[in-house]
Amino acid sequence: DPNLARFYLASDSLFTCGTQVSRPNYLAYAGLFTLQVNYTAGTHLNCTAPIPSGSIRGLQNASCLGCNGQDPNNICYYAPGFVNYRTICETYQVITPGWPFNFNASAVRDLRGFLQRGYEVRYFKPAECRRCEISGGRCGSQPISRTFLCFCPSSVHRMNCSDDASIFSLPSNYSAGTFLNCTAPIPSGSIRGLQNASCLGCNGQDPNNVCYYAPGFVSYPTICETFQGVTPGGPLNATSVRDLRGFLQSGFEERYVKSTECLGCELSGGRCGSRPTSGSSVCFCPSSVHPMNCSDDTNRVLSLNYNDPTTAILLIASDSLFTCGAQVSRPNFRADATIFSLPSNYTPGTHLNCTAPIPSDSIRGLQNASCLGCKGQDPTNVCYYAPGFVSYPTTCENYNVFTPGGAFNASGVRDLRAFLQSGYQIRYAKPAECSGCEISGGRCGSQPISGSFVCFCTSTVHRMNCSD
């Protein structure tokens with residue numbers, strides 16, 4: 001179906017013995033899949049004692065879902081909708097055919113076998129899907145951010161199996177057109193601007209075919225294969241080009257508009273680009289790929305307070321402060337700014353390591369400060385501290401710092417390196433999804449690039465909770 005994909009799903013836990021059959025999270029799929037209207041959501045409850053009569057609306061006796069001999073003394077029930085009875089019962093969300101309150105679980109002798117048949121969900125293909133499928137791919141989405149992807153035979157593409165259009169642009173002096181290789185002539189007047197053209201195959205390839213060129217992206221699928229081409233200048237006179245294959249081998253120009261983050265990346269010795277699937281900016285550095293620039297700082301967590309149900313509090317410090325020989329400059333606090341916040345009782349400032357003195361009054365609030373390198377490192381350099389994020393690029397490297405309290409008196413700190421090793425506090429405001437993740441035994445966080453929610457579990461990373 002060009003507009004719809006259908007799936008039958010069933011939980012893996014229904015096909016293995018010894019696995020706890022509880023709490024699968026159908027909601028994890030809600031952004032991508034929809035449930036057929038003739039299916040009913042309900043809850044299976046596996047309980048260590050009977051549920052008192054009238055406690056749950058529509059409660060029915062039901063067979064348990066474990067294998068033979070598993071939980072032999074437990075009592076099991078079914079209730080319409082998503083319910084729970086936490087004091088004595090484990091819950092398992094089920095989807096069954098039929099209308100609400102019509103599922104008769106008491107009449108199903110082997111409920112486990114019945115649920116193994118699965119239930120139907122539908123994926124409505126987005127508008128981008130058509131081009132992906134025409135190019136030989138299958139459309140889907142990125143697991144965390146859910147942005148559109150095209151799954152192609154060779155790799156995953158952003159739009160279709162012939163793309164790159166979202167990060168590159170064509171100069172205005174190029175014209176787009178289509179080359180058609182046909183097994184029979186195209187009737188006159190079928191395609192606007194159609195011209196005879198030499199075929200693009202090697203000598204002797206498709207000797208009986210007829211080839212054409214037309215401006216724009218067109219097709220004649222019954223008898224022709226198409227090749228989209230881009231040529232310099234105005235409309236191409238393909239008839240006058242004797243060796244069109246050789247002409248196209250000269251290539252065409254594409255342009256990549258550098259993002260605002262690109263300057264920092266290039267100044268640090270990298271080349272800016274983007275991730276193949278999400279399109280977010282990255283910096284390609286000699287050693288590896290960095291999120292922002294080749295001097296992105298790595299922080300170590302000195303302590304973590306995770307007990308507050310709404311906020312996690314971390315004490316962090318730059319790794320470069322604990323090693324000798326490492327350049328202590330340009331850490332990028334902003335890389336974490338989307339998920340972390342700085343408490344209001346911390347003051348941002350800049351440490352400057354300079355090869356020559358900074359002229360008086362060049363930077364507001366400038367103070368003399370001890371250098372941050374190890375003993376003997378940069379022995380002739382002069383170091384300063386200034387409030388806020390500042391720079392003096394002609395002679396100084398800068399390092400962003402965060403200190404507790406109001407105005408920081410850097411001149412009064414004899415060993416500033418050791419002082420900064422005590423770290424600074426950042427806070428992570430737990431999103432609404434966090435509670436379900438923590439109840440399931442996980443810790444909530446976010447995907448490093450897209451920033452979307454994830455649940456860090458003992459075995460792996462999950463989208464919503466450790467049972468999803």
Exercise for the section: Measure from NZ or CZ of Arg443 to the centre of the six-membered ring of Tyr306 and say whether it is under 6.0 Å with the direction within 45° of the ring axis. Expected result: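 Judged by the rule (NZ or CZ under 6.0 Å from the ring centre, within 45° of its axis), Arg443 counts as positioned above Tyr306.
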Practice task
Test the Arg300-Phe322 pair against the cation-pi criterion, namely NZ or CZ under 6.0 angstrom from the six-membered ring centroid and within 45° of the ring axis.
Solution key: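 Arg300 over Phe322 ring: yes.
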Are the side chains of [Y] and [X] in contact, using a 4.5 Å heavy-atom criterion?
{"X": "Leu65", "Y": "Tyr92", "answer": "yes"}
{"X": "Lys430", "Y": "Thr311", "answer": "no"}
{"X": "Val121", "Y": "Ile95", "answer": "no"}
{"X": "Asn203", "Y": "Gln205", "answer": "no"}
{"X": "Phe453", "Y": "Cys437", "answer": "yes"}
{"X": "Pro343", "Y": "Tyr424", "answer": "no"}
{"X": "Val218", "Y": "Tyr220", "answer": "no"}
{"X": "Pro97", "Y": "Thr40", "answer": "no"}

So which heavy atom on [X] is nearest to which on [Y], and how close?
{"X": "Ala238", "Y": "Ala197", "answer": "CB-CB, 4.0 Å"}
{"X": "Val210", "Y": "Ala184", "answer": "CG2-C, 4.5 Å"}
{"X": "Tyr213", "Y": "Pro215", "answer": "CE2-N, 3.9 Å"}
{"X": "Cys371", "Y": "Val382", "answer": "SG-C, 4.4 Å"}
{"X": "Pro232", "Y": "Phe247", "answer": "CD-CZ, 4.4 Å"}
{"X": "Leu302", "Y": "Gln421", "answer": "CD1-O, 3.5 Å"}

Measuring from [X]:[atom1] to [Y]:[atom2], what's the distance to the nearest 0.5 Å?
{"X": "Ile363", "Y": "Ser391", "atom1": "CD1", "atom2": "OG", "result": "7.5 Å"}
{"X": "Glu133", "Y": "Lys125", "atom1": "CD", "atom2": "NZ", "result": "3.5 Å"}
{"X": "Gln195", "Y": "Leu236", "atom1": "CD", "atom2": "CG", "result": "6.5 Å"}
{"X": "Arg245", "Y": "Cys211", "atom1": "CZ", "atom2": "SG", "result": "12.0 Å"}
{"X": "Asn398", "Y": "Tyr392", "atom1": "CG", "atom2": "OH", "result": "13.5 Å"}
{"X": "Asn84", "Y": "Gln93", "atom1": "CG", "atom2": "CD", "result": "10.0 Å"}

Strictly distance-based, threshold 3.5 Å: is any side-chain N or O of [X] a donor or acceptor partner for the main-chain N or O of [Y]?
{"X": "Thr178", "Y": "Gln228", "result": "no"}
{"X": "Thr395", "Y": "Cys354", "result": "no"}
{"X": "Gln425", "Y": "Leu314", "result": "no"}
{"X": "Ser440", "Y": "Asn465", "result": "no"}
{"X": "Thr239", "Y": "Asn196", "result": "yes"}
{"X": "Asp243", "Y": "Gly246", "result": "yes"}
{"X": "Glu438", "Y": "Ser435", "result": "no"}
{"X": "Tyr212", "Y": "Ile186", "result": "yes"}

Exercise for the section: Applying side-chain contact (heavy atoms from CB on, under 4.5 Å), run through Phe151 and Cys132 and close with a yes or a no. Expected result: CA-CA 8 Å; Phe151 293 91; Cys132 169; over 6 Å; no
Exercise for the section: For Asp308, look at atom CG and say whether over 12 heavy atoms of other residues, nucleotides or ligands are found less than 6.0 Å away. Expected result: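 Buried by this count: over 12 neighbours within 6.0 Å.
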Practice task
Answer yes or no: are there more than 12 heavy-atom neighbours, outside Glu225 itself, under 6.0 Å from its atom CD?
Solution key: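 Not more than 12 within 6.0 Å, no.
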Practice task
With side-chain contact (heavy atoms from CB on, under 4.5 Å) as the test, would you mind laying out the steps for Thr226 and Asn181 before giving the verdict?
Solution key: CA-CA 6 Å; Thr226 58; Asn181 187 333; over 6 Å; no
Handout entry: Derivation and outcome, ring pair (Phe, Tyr, Trp, His ring centres under 6.0 Å), residues Tyr78 and Phe103
Key = CA-CA 9 Å; Tyr78 169 85; Phe103 180 56; 5.0 Å; yes
Exercise for the section: Could you go through the side-chain contact (heavy atoms from CB on, under 4.5 Å) check for Phe179 and Leu244 one step at a time? Expected result: CA-CA 10 Å; Phe179 299 88; Leu244 202 51; 3.1 Å; yes
Problem - From CA spacing to verdict: side-chain contact (heavy atoms from CB on, under 4.5 Å), His462, Val454 - result: CA-CA 6 Å; His462 287 239; Val454 291; over 6 Å; no
Exercise for the section: Assign the ring pair Phe389 / Phe402 to parallel, tilted or perpendicular, where the plane angle (0 to 90°) is split at 30° and 60°. Expected result: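 Correct class here is perpendicular.
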Handout entry: Under-2.5 Å SG separation for cysteines Cys457, Cys466
Key =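 Bridged: Cys457 to Cys466.
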